[in-house]
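Structure first, commentary second.
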Protein chains: 2
Amino acid sequence: MAERGGPDAVVLREATRRAGVTPNAAYRHFADRGALLRAVSDVCQGRAADTMEQHVDSVIGASSSVDAVGDAAGDAVCDAAVDARAMLRAVGTGYLAFARDEPGLFRTAFSVPDQLANSFDTAKAGAAGRTPFQILSAALDAWAAAGILPPERRANAELYAWSAVHGLGMLVIDGPLRGLSAQMIDGATARVLDMVERGL
Amino acid sequence: MAERGGPDAVVLREATRRAGVTPNAAYRHFADRGALLRAVSDVCQGRAADTMEQHVDSVIGASSSVDAVGDAAGDAVCDAAVDARAMLRAVGTGYLAFARDEPGLFRTAFSVPDQLANSFDTAKAGAAGRTPFQILSAALDAWAAAGILPPERRANAELYAWSAVHGLGMLVIDGPLRGLSAQMIDGATARVLDMVERGL
DNA sequence: ATGGTATGTGTACAATGTAAACAATTGCAC
DNA sequence: GTGCAATTGTTTACATTGTACACATACCAT
């Protein structure tokens, strides 16, 4: 239901109908519709994490193989920086790919009020066990380790990178940027990630 | 109704109740609930524009008076750059101030699917006649004119700056960043704007 | 005067969330 | 094994919402 229709479409009675039970049976499992929606939202965040991991993995794999083929041992630092940048971009593109491929799930994932403290809740984790926030966090740790993110800027950097990418996602799927061509969206994605890379 | 409760709270029957007419009278003015919501959304964008103009004006006023007092004629270019940066920051802080002060209106303003082409619709304009998009656009024009935004990066720059600020707004008001202290939010706002300034 | 347009009313129906009381099933203690 | 308590589901009921259809009224122009 969330997949097509977003959060507003996740409806208690329809859920029970699909489950083959009467409407009120739902109240044995969820306090109210809000609780159901929160549970669905958590699952959606897990799905987002899956897409992000997938993008990160593909980049890591590619980068490693290239490293293995033609490199001397001198520029390990440079490699770390290149890898860190690629990883953060993969996190961003994965996030936005999820938004574009599954707009209903994306909107459901982030349409329910939450607290930053819950960003580590395992209920929001993907198959790999990490939540979207943790995936982003790891990419920024890699930046810091590679020395391309000054320590004084590391604090809360998740929020700033996240804001940029999340904003683009929202504007694209149900904001004023909807209906842009795929190329336009690809371009905007690249440019927003450029901005984040330069600006973090 | 939008003010407290956001888009979900703008309800057709309640509106007619407050207007003192029967529910179906609404259908003489709006095709359906969606049309009503779109109209409300436009008004909300106008309110956002008002807040943004207000922030921009206060900055322009301050900057001009400083200029008038103690300057030779040499660094007009520098002044233009300083002004342009201040203006863009004011646009961003205004946008986020609106999100924080009127979260219901903010969510209503941007929760209805729209097209970029409609971003100039006068229905979305504030008292000064400009829509939020146009206000942002003007600030970026000032950047370009001051020479601090390379021409090849000017195209669609609205989208990138907007994404960053919009994302922070969404995360703060009903995303995982809700409940952050006012200082935290102020800090995050400043840092996101730093990122935009460096990254555009 | 008359006819058309704008606006509002009355009645009606389907869908939703949710409360309260009741029933069936399950698991465990004795 | 028996009985009790927790778990899960059902039935009935109600308020609220969006919306369709037919009907009424007021006003304005010809």
(message) As a test of understanding, state which of B/Leu36, B/Val40, B/Leu12 forms a side chain to side chain contact (heavy atoms under 4.5 Å, CB included) with B/Phe30.
(response)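 Answer to the side chain to side chain contact (heavy atoms under 4.5 Å, CB included) test with B/Phe30 among B/Leu36, B/Val40, B/Leu12: B/Leu36.
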(message) Show every side-chain hydrogen bond (donor to acceptor under 3.5 Å, both in side chains) that has at least one partner inside residues 21-49 of chain A, sequence neighbours left out.
(response)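 Passing the test, one end in residues 21-49 of chain A: A/Asp42-A/Lys124.
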(message) Test of understanding: with side-chain hydrogen bond (donor to acceptor under 3.5 Å, both in side chains), list the residues that count as partners of A/Arg178, not counting sequence neighbours.
(response)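 Testing A/Arg178 for side-chain hydrogen bond (donor to acceptor under 3.5 Å, both in side chains), a comparison that skips the adjacent residues, returns none.
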(request) List in chain and number order the residues that pass side-chain hydrogen bond (donor to acceptor under 3.5 Å, both in side chains) with B/Arg85, two or more places apart in sequence or in another chain; answer none if no residue qualifies. (result)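 Here no residue qualifies.
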Check the distance between [N]'s [atom2] and [X]'s [atom1] and give it to me in whole angstrom.
{"X": "A/Met1", "N": "C/dG17", "atom1": "CE", "atom2": "C1'", "value": "13 Å"}
{"X": "B/Asn24", "N": "C/dG10", "atom1": "CG", "atom2": "P", "value": "11 Å"}
{"X": "A/Asp8", "N": "C/dT16", "atom1": "CG", "atom2": "P", "value": "13 Å"}
{"X": "A/Tyr27", "N": "C/dA20", "atom1": "OH", "atom2": "C1'", "value": "13 Å"}
{"X": "A/Leu37", "N": "C/dG17", "atom1": "CG", "atom2": "P", "value": "11 Å"}

(request) Applying salt bridge (charged side-chain N to carboxylate O under 4.0 Å, His left out), name anything that partners A/Arg191, two or more places apart in sequence or on another chain. (result)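 For A/Arg191 there are no salt bridge (charged side-chain N to carboxylate O under 4.0 Å, His left out) partners, ignoring immediate neighbours.
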(request) Go through the structure and list residues passing salt bridge (charged side-chain N to carboxylate O under 4.0 Å, His left out) with B/Arg13, not counting sequence neighbours. (result)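 B/Arg13: no salt bridge (charged side-chain N to carboxylate O under 4.0 Å, His left out) contacts found.
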(message) If you take any heavy atom closer than 4.0 Å to DNA chain C, which residues from residues 11-21 of chain A end up in contact?
(response)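 Per residue number, the list reads A/Val11, A/Leu12, A/Arg13, A/Arg17.
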(request) Could you tell me which residues satisfy side-chain contact (heavy atoms from CB on, under 4.5 Å) with B/Ser181, sequence neighbours excluded, listed by chain and number? (result)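 B/Ser181 satisfies side-chain contact (heavy atoms from CB on, under 4.5 Å) with B/Gln183, B/Met184 only.
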(request) Sugar-phosphate means primed atoms, P, OP1 and OP2; the rest is base. With that split, encode nucleotides 22-28 of chain C 5' to 3' as B, S or - using protein heavy atoms under 4.0 Å. (result) B------
(request) Establish, with yes or no, whether the OP1 or OP2 oxygen of C/dA6 is under 4.0 angstrom from a side-chain nitrogen or oxygen of B/His29. (result)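 Indeed not, no polar side-chain atom of B/His29 lies that close.
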(message) With rounding to the nearest 0.5 angstrom, report the CZ to OG1 distance, A/Phe98 to A/Thr93.
(response)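 Between atom CZ of A/Phe98 and atom OG1 of A/Thr93 there are 14.0 Å.
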(request) Considering only heavy atoms of chain A and a distance under 4.0 Å, specify the first and last nucleotide of DNA chain D in 5' to 3' order that meet this criterion. (result)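 Range of nucleotides within reach of chain A: D/dT8 to D/dT12.
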Only distances under 3.5 Å count here; give the side-chain donor-acceptor pairs of residues 133-147 of chain A to other protein atoms, sequence neighbours excluded, each with its distance to 0.1 Å.
from	atom 1	to	atom 2	distance (Å)
A/Gln134	OE1	A/Thr131	N	2.9
A/Gln134	OE1	A/Thr131	OG1	3.4
A/Ser137	OG	A/Glu158	OE2	2.4
A/Asp141	OD1	A/Arg154	NE	3.3
A/Asp141	OD1	A/Arg154	NH2	2.9
A/Trp143	NE1	A/Ala84	O	3.0

Which donor-acceptor pairs under 3.5 Å do side chains of residues 159-173 of chain B form with protein atoms, sequence neighbours excluded?
from	atom 1	to	atom 2	distance (Å)
B/Trp162	NE1	B/Tyr95	OH	2.9
B/Ser163	OG	B/Leu159	O	2.8
B/His166	ND1	B/Tyr95	OH	2.8

(request) Determine which pairs satisfy salt bridge (Lys or Arg N to Asp or Glu O under 4.0 Å) with at least one residue from residues 102-112 of chain B, sequence neighbours left out, and list them in order. (result)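 Output for this query lists B/Arg107-B/Asp174.
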